[in-house]
Peer 1: 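What follows is a structure written as structure tokens; I'll ask about it next.
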Amino acid sequence: MNGNALRTGLVVLVAAIAVGLYASVFTVGQMQQALVLQLGRVRAVLNQTGEDRPGLYFKVPFVENVIIFDKRVLDLDLPVQALLTADRQNLEVDAFARYRIVDPLRFYQSVGNIGLANQRLASFTNSALRNVLARSTRDAIVKTDRMRLMNEIQEDVNRQSKSLGVEIVDLRMTRVDLPAQNSSAVYERMKTERKREAADVRANGEQIAQTIRARADRDVTVILAEANQKSEQLRGQGDADRNRILAEAFSKDPDFFSFYRSMQAYETGLKGSDTRLVISPNSDFFRYFGDPQGRAGQAGSAPRGTGEPGASTGSTAGASR
């Protein structure tokens, strides 16, 4: 009986020691920092700086308790809010912030948890956005001065967040846009402006095209006129050279020139298989038919009926080829 009681007492003692050891030991991770509270009073801050390393720590069980905070960079996504700029333009701004807890004691004393800290930081950020952007124009916010404005907003939020024991690592405006009710009007105005610019470009292009066509037509007329003038000059020069050459040939051998011209006349006048001429056989046209020297039909030639070549009876003759 005494042995059973002894074994039970040992088991209870071992269990109590195990529970005590479990309650007196805690760990702080690499990405964590901790506050050790003793009856509500802060006794130690662990892993805040390089002096306190992460690892295994001991505490007084049931007297001290440990609160763990994240040491990593935390996210804060802000809802879209409408702002009025210095040039009286309504804008919808969507922003986000990244922060980390740098003073866990102050963080615990001011907000105590991440949810409440996010609410306070969102309030600080919205206030800074309104104050800074209200002094700027739309073009400065959207295009020309956006980076400087974001840095100014981040500095303003950092000044306020020091009371919470946090530091703003980064703050950015992800989207800056006009409200939906204004976007359609802006788009219509932009379309009207682009159509007007397109009409101006087309009108200028048509004017330039007409100028080019008129210049081209004028150049064509001038070129044709110059070409015709040059061709007429060349043609006249060629005719003059031909007449000079023919005149020189006629002066050297008038009989041959007369014979050659008659042969050309025969070739031209007797074309075709059914050519018919009604003409006197004694005409100069046929003078080379009866006499190679071309004396037939000339004054002083043999009279008709003498039997010389080229003579024939009758007042008229029909020649056919």
Side-chain angles (χ1 to χ4, degrees), residues 139 143-144 185-321:
D139 292 340
K143 295 185 298 183
T144 60
V186 173
Y187 293 152
E188 290 298 326
R189 185 170 69 249
M190 292 173 62
K191 287 170 58 178
T192 302
E193 292 177 357
R194 295 300 180 272
K195 288 181 180 179
R196 179 182 57 79
E197 292 176 1
D200 292 341
V201 171
R202 292 192 188 96
N204 293 334
E206 186 63 27
Q207 181 180 1
I208 295 173
Q210 291 180 357
T211 303
I212 294 174
R213 292 192 194 97
R215 187 184 300 113
D217 293 341
R218 184 195 62 188
D219 293 342
V220 168
T221 302
V222 171
I223 292 171
L224 290 177
E226 292 176 351
N228 290 332
Q229 180 183 4
K230 189 173 183 179
S231 67
E232 293 297 331
Q233 291 175 353
L234 293 175
R235 190 176 291 109
Q237 184 178 357
D239 291 342
D241 292 341
R242 183 193 64 180
N243 293 333
R244 178 179 57 77
I245 294 171
L246 291 176
E248 291 176 356
F250 180 77
S251 63
K252 290 180 180 179
D253 193 346
D255 293 337
F256 176 76
F257 181 77
S258 177
F259 175 77
Y260 176 71
R261 296 290 288 179
S262 295
M263 293 301 101
Q264 287 182 330
Y266 294 158
E267 182 181 6
T268 303
L270 299 178
K271 282 183 178 181
S273 59
D274 57 347
T275 303
R276 295 181 182 275
L277 296 175
V278 180
I279 192 172
S280 172
N282 295 325
S283 171
D284 288 342
F285 185 76
F286 294 112
R287 63 180 180 169
Y288 285 101
F289 270 53
D291 187 356
Q293 300 299 323
R295 291 190 297 270
Q298 294 182 352
S301 61
R304 298 185 185 95
T306 59
E308 291 189 14
S312 61
T313 60
S315 59
T316 62
S320 66
R321 181 185 176 192

Peer 1: Measuring from atom CD of Gln207 to atom OG1 of Thr211, what distance do you get when rounded to the nearest 0.5 angstrom?
Peer 2: 5.5 Å
Peer 1: How far does CG of Asp241 sit from CD of Glu248, to the nearest 0.5 angstrom?
Peer 2: 9.5 Å
Peer 1: So with a 6.0 Å cut-off around CZ of Arg202, is the heavy-atom count from everything else above 12?
Peer 2: no
Peer 1: Glu232: what forms a side-chain hydrogen bond (donor to acceptor under 3.5 Å, both in side chains) with it, not counting sequence neighbours?
Peer 2: Arg235
Peer 1: Measure the CD-CG distance between Glu226 and Leu224 for me, rounded to the nearest 0.5 Å.
Peer 2: 9.5 Å
Peer 1: Go through the structure and list residues passing salt bridge (charged side-chain N to carboxylate O under 4.0 Å, His left out) with Asp200, not counting sequence neighbours.
Peer 2: Arg196
Peer 1: With sequence neighbours left out, what residues match Thr221 under side-chain contact (heavy atoms from CB on, under 4.5 Å)?
Peer 2: none
Peer 1: Measure the spacing between CZ of Arg213 and CZ of Arg218 and express it to the nearest 0.5 Å.
Peer 2: 16.0 Å
Peer 1: Take Gln210 and Glu206 through the side-chain contact (heavy atoms from CB on, under 4.5 Å) test and state the conclusion after the steps.
Peer 2: CA-CA 6 Å; Gln210 291 180 357; Glu206 186 63 27; 3.6 Å; yes
Peer 1: Measure the spacing between CG of Asp239 and CG of Leu234 and express it to the nearest 0.5 Å.
Peer 2: 11.0 Å
